[in-house]
Amino acid sequence: MIDKRFADPSAAVRDIGDGATLMVGGFGEAGSPVELIDALIEQGAGDLTVITNNAGSGTTGLAALIKAGRVAKMICSYPRSADSEVFAEQYRAGRIRLELVPQGTLAERIRTAGAGIPAFYTPTAVGTSLAQGKPHRRFDDRECVLEHALGADVALIKAAAADRHGNLVYSKTARNFAPLMATAAETTIAQTSVVVGLGSLDPEAVVTPGIFVDRVVLIGRSPQRLDPSGSETGWL
Amino acid sequence: MIDKRFADPSAAVRDIGDGATLMVGGFGEAGSPVELIDALIEQGAGDLTVITNNAGSGTTGLAALIKAGRVAKMICSYPRSADSEVFAEQYRAGRIRLELVPQGTLAERIRTAGAGIPAFYTPTAVGTSLAQGKPHRRFDDRECVLEHALGADVALIKAAAADRHGNLVYSKTARNFAPLMATAAETTIAQTSVVVGLGSLDPEAVVTPGIFVDRVVLIGRSPQRLDPSGSETGWL
Amino acid sequence: MTTRTPQGLDRREIARWVARDIPDGAYVNLGIGMPETIAECIAEDKEVILHTENGLLGMGPPPPPGEEDTELINAGKQPVTAAPGASFFHHADSFAMIRGGHLDICVLGALEVAANGDLANWSTGAAHAVPAVGGAMDLVSGVKAVYVMTRHCTRAGEPKLVNECRYPLTGRGVVDRVYTDLAVIEITPQGLAVLELAPGVTLADVAERTAAPLHDKRSTRRESHPDGNSAPSERSGIP
Amino acid sequence: MTTRTPQGLDRREIARWVARDIPDGAYVNLGIGMPETIAECIAEDKEVILHTENGLLGMGPPPPPGEEDTELINAGKQPVTAAPGASFFHHADSFAMIRGGHLDICVLGALEVAANGDLANWSTGAAHAVPAVGGAMDLVSGVKAVYVMTRHCTRAGEPKLVNECRYPLTGRGVVDRVYTDLAVIEITPQGLAVLELAPGVTLADVAERTAAPLHDKRSTRRESHPDGNSAPSERSGIP
């Protein structure tokens, strides 16, 4: 019997250790797994490396994790926010390191980590400071740079719906990096506000097959949200 | 106004020239664009390079194209069939060349061609004859081989439904290589038995966004299959 | 040399200029900031498909107030809608569209554009600034035609069109065309070439505010107007 | 040395042996041919998710006669069904699962297995044979545990377990365990090690039919039966 549901966010993030490398889904606030991050702040793990697109907005979620001093390094494409100075302050103070990666290269590095491809060549960033010091090679007269796969210990993502196998669907542009991160982390933890019975998700429309997901956490909904047509016996 | 619909298979394949490199979707018969291939046989183009997983079964479709002597070279993973000797006969007679590629490497080479990635490293096939003569490199103590992107002039694929923008969905395991090939060919031609009105496909469940598709051909159905709720004015 | 200050176009007029040159059926990515204005300037009789790199093809206009969805945003993190025929996808698929050369046009802002097409638009290189690149390097390396939409000069009056960029580069030799408040300028093997001038603006006005040599490639000497659909035919296709 | 011919297990009994060792909750790919039999031997109280590389996770049993769907097939191109919780995906995603190490076990057939774990199962190298590799090289390089299910000897009576493969390799040092009609054999740093014998089969029987040295790693000297759920605990997890 496969049942990946966890009782609450705290239980799902309990074993994340100091020094872990963490992927965090979301583009801005769309798809940000806020409740999982809040649980991680409470849990206390520090010295984290965080792979994500932005560096937090406002004062909750990732911004709060950074403000709490838990993040030693960020790997991201756009750590600038109109509504948050948290990352900028720590970065200027030298308390947080930054590896800046072009957004498409970041996405592909994560995807290849999940796909067992250790490195790939891309034309992106050739001739810029972000390609300096990396191996280059020409293909069909086009100069390219070698980029390496980027995996993580844990991925925290947000889905629109899940089943007990960990199959996931997403909501609109909240999908963004989540399906990639799910494949690239040793342990993938998905929060969702809807858990449906096995067989309720259309097999043609599942975006993340359950094989990539280890833990499913239902957020802020009561057990009656479970699809009655499914085979579920109720929420854990 | 974007309308990628073509009146019939003949019109859609008319400009495929001798010597073209062709991708053909399908795994066995599932997803095989038989009507497009039939139209291509009638059209007459020869000296083709065909990228596909198998090498035809039975006596129709790809097997018929090979039997007609139109294929100079196959790039595929499994050109053996219980129910067809067509490829084997031509191969043994030296009338057709074969580049054998492991199935996952074939899929990734096609995907990377569509994604603008000229080459990637993979552990697949290292230590075997299929990796001989290719550049090798170690990553984290794992020996890998460099594989190159594989694009084509034309892709012939089969979808379950389409709209006039070329958005596609597929049926079950008939999906296989089609979404990859759609991204990797200069001209992608999709046959389907259902064309729906724009907006009828669920944006969350579209598998191939229309940007990857150039021509949509409705096969064997009458115009009334067009979704009346859509904005279509009728079949071309 | 004249010392008068030409009026030039406002932001919306530049956007209309760009919109006029986007052909029917094009797949287009509009960068954050000024280029976002272009969307609402595209003529009703054209079907242009907008891509936003955070995972949507077929971006529609902003929703009416009160109907914003925090999970339906564009790359600038502003609420948008999904047009009929839209599709959602993840970031690797989105950048496969970009890097793989499937988009026809992207329009980006700029700090500087050099006469050889080099673009600097992601960092001033200032010591304490937080660097942020987003998808700009992917867009310039992958999209078929890269257009820049920018004021011709900085607020301090410094030319943005230069012989060589001083700021960190986004890409080398990547820009095809620049739309400013003063002119439409093409990057050619010979350098910057003026295709068109804003109403009331002279070639001398532009040359004076450009820190690189300018060629004159105007197909007619008449000044054209951004409202017209009178783009010379050799410029109506995608380069 | 004895000259008697041990009976050994039939195809279905070997399949039951493999099925017994697949843990509840495992993600498994079953190769074309003999390994396909394993699916129907998995105990009812286990939930094992079957992957077929042509784009289905959650493969169910064959459909009833007359309900076959030509667009719902497995890698052997036989009609199958989709179990509750199944998902369909394209080939690049399917092989991301394989190459990326997300599958727990694959079970493949073999022409030869060497004492160092080398596997040959795709080509006899014969001049006029049509070579066909399919997904075998991807599976052996990516799946966490690679099991082989095969007759111990060829039809001509030649050992398939050898010191060195003569046929073209599918992968080097990739096999973890071999299930034959005579024994369960593990590939160890010291070479082939017998974990278990089929009923009525002796270590000598196996050694006689194996062209490489054999170690004895049976945890109990009692012969075990493929029907039992009595696998020693150190073997019940995924290596």
Side-chain angles (χ1 to χ4, degrees), chain B residues 27-32 53-55 57 76-83 85 87-88 91-92 98 100-112 114-115 122-131 142-144 158 160 170-183 207-208, chain D residues 32 52-57 59 69-82 86-101 118-120 122-123 125-142 165 167-174:
Chain B
F27 183 93
E29 287 179 70
S32 176
N53 190 61
N54 306 107
S57 54
C76 62
S77 91
Y78 206 86
R80 202 186 282 155
S81 170
D83 68 345
E85 273 290 297
F87 173 82
Y91 177 74
R92 290 195 195 101
L98 170 65
L100 195 70
V101 183
Q103 198 169 141
T105 299
L106 182 64
E108 193 66 18
R109 288 180 65 191
I110 297 169
R111 181 193 169 276
T112 49
T122 174
T124 297
V126 166
T128 78
S129 59
L130 296 190
R142 186 113 199 252
E143 190 78 3
C144 290
K158 180 182 180 183
Y170 302 91
S171 170
K172 309 185 185 80
T173 56
R175 187 184 301 197
N176 57 72
F177 283 88
L180 310 172
M181 291 175 170
T183 72
V207 176
T208 294
Chain D
I32 300 173
T52 180
E53 60 263 38
N54 54 318
L56 168 59
L57 188 72
M59 184 176 77
D69 180 342
T70 56
E71 301 196 324
L72 181 45
I73 60 174
N74 66 11
K77 300 177 182 82
Q78 300 306 308
V80 295
T81 53
S87 53
F88 296 106
F89 34 81
H90 61 53
H91 254 77
D93 283 349
S94 185
F95 280 82
M97 292 178 194
I98 292 171
R99 198 191 306 101
D118 287 359
L119 172 68
W122 70 282
S123 168
H128 278 278
V130 174
V133 67
M137 289 184 181
D138 307 281
L139 285 160
V140 300
S141 76
C165 294
Y167 293 131
L169 293 186
T170 308
R172 289 192 191 273
V174 294

So which of B:A30, B:G127, B:A174, B:C76 has the biggest tally of heavy-atom pairs under 4.5 Å with chain D? B:G127
Interface residue of largest heavy-atom contact number with chain D, from B:P79, B:S32, B:A88, under 4.5 Å: B:P79
Atom group of [X] that falls short of 4.5 Å from chain B, counting heavy atoms:
X: D:D118; value: neither
X: D:A127; value: neither
X: D:I98; value: neither

Using a cut-off of under 4.5 Å for heavy-atom pairs, which of D:V80, D:L139, D:L169 has the most such pairs with chain B? D:L169
Who wins among D:G134, D:G55, D:A92 for the most heavy-atom pairs under 4.5 Å with chain B? D:G134
Can you find a pair of side-chain heavy atoms, one from D:H128 and one from B:Y91, that are under 4.5 Å apart? no
Nearest 0.5 angstrom please: [X] [atom1] to [Y] [atom2], how far?
X: B:L180; Y: D:D93; atom1: CG; atom2: CG; value: 8.0 Å
X: B:E29; Y: D:K77; atom1: CD; atom2: NZ; value: 10.0 Å
X: B:Y170; Y: D:H90; atom1: OH; atom2: NE2; value: 9.0 Å
X: D:E53; Y: B:S77; atom1: CD; atom2: OG; value: 9.0 Å
X: B:N176; Y: D:N54; atom1: CG; atom2: CG; value: 7.0 Å
X: D:F95; Y: B:E108; atom1: CZ; atom2: CD; value: 11.0 Å

Considering only heavy atoms, which portion of [X] lies under 4.5 Å from any heavy atom of chain D: side chain, backbone, both, or neither?
X: B:V101; answer: backbone
X: B:R111; answer: side chain
X: B:S57; answer: neither
X: B:I110; answer: neither

Of B:R175, B:K158, B:K172, the one forming a side chain to side chain donor-acceptor pair (under 3.5 Å) with D:E71 is B:K158
For a quick test of reading the model, state the closest non-hydrogen atom pair linking [X] to [Y] and the distance between them.
X: D:I73; Y: B:T173; result: N-OG1, 3.1 Å
X: B:F87; Y: D:V130; result: CE2-CG1, 3.7 Å
X: B:L130; Y: D:V133; result: CD1-CG1, 4.0 Å
X: D:G171; Y: B:T128; result: N-CG2, 4.1 Å

So, the side chain of D:R99 versus the backbone of B:T122: is there a donor-acceptor pair under 3.5 Å, distance only? no
Can you sort out the partners of D:T170 under side chain to side chain contact (heavy atoms under 4.5 Å, CB included), two or more places apart, ordered by chain and number? D:L119, D:N121, D:W122, D:A136, D:M137, D:V140
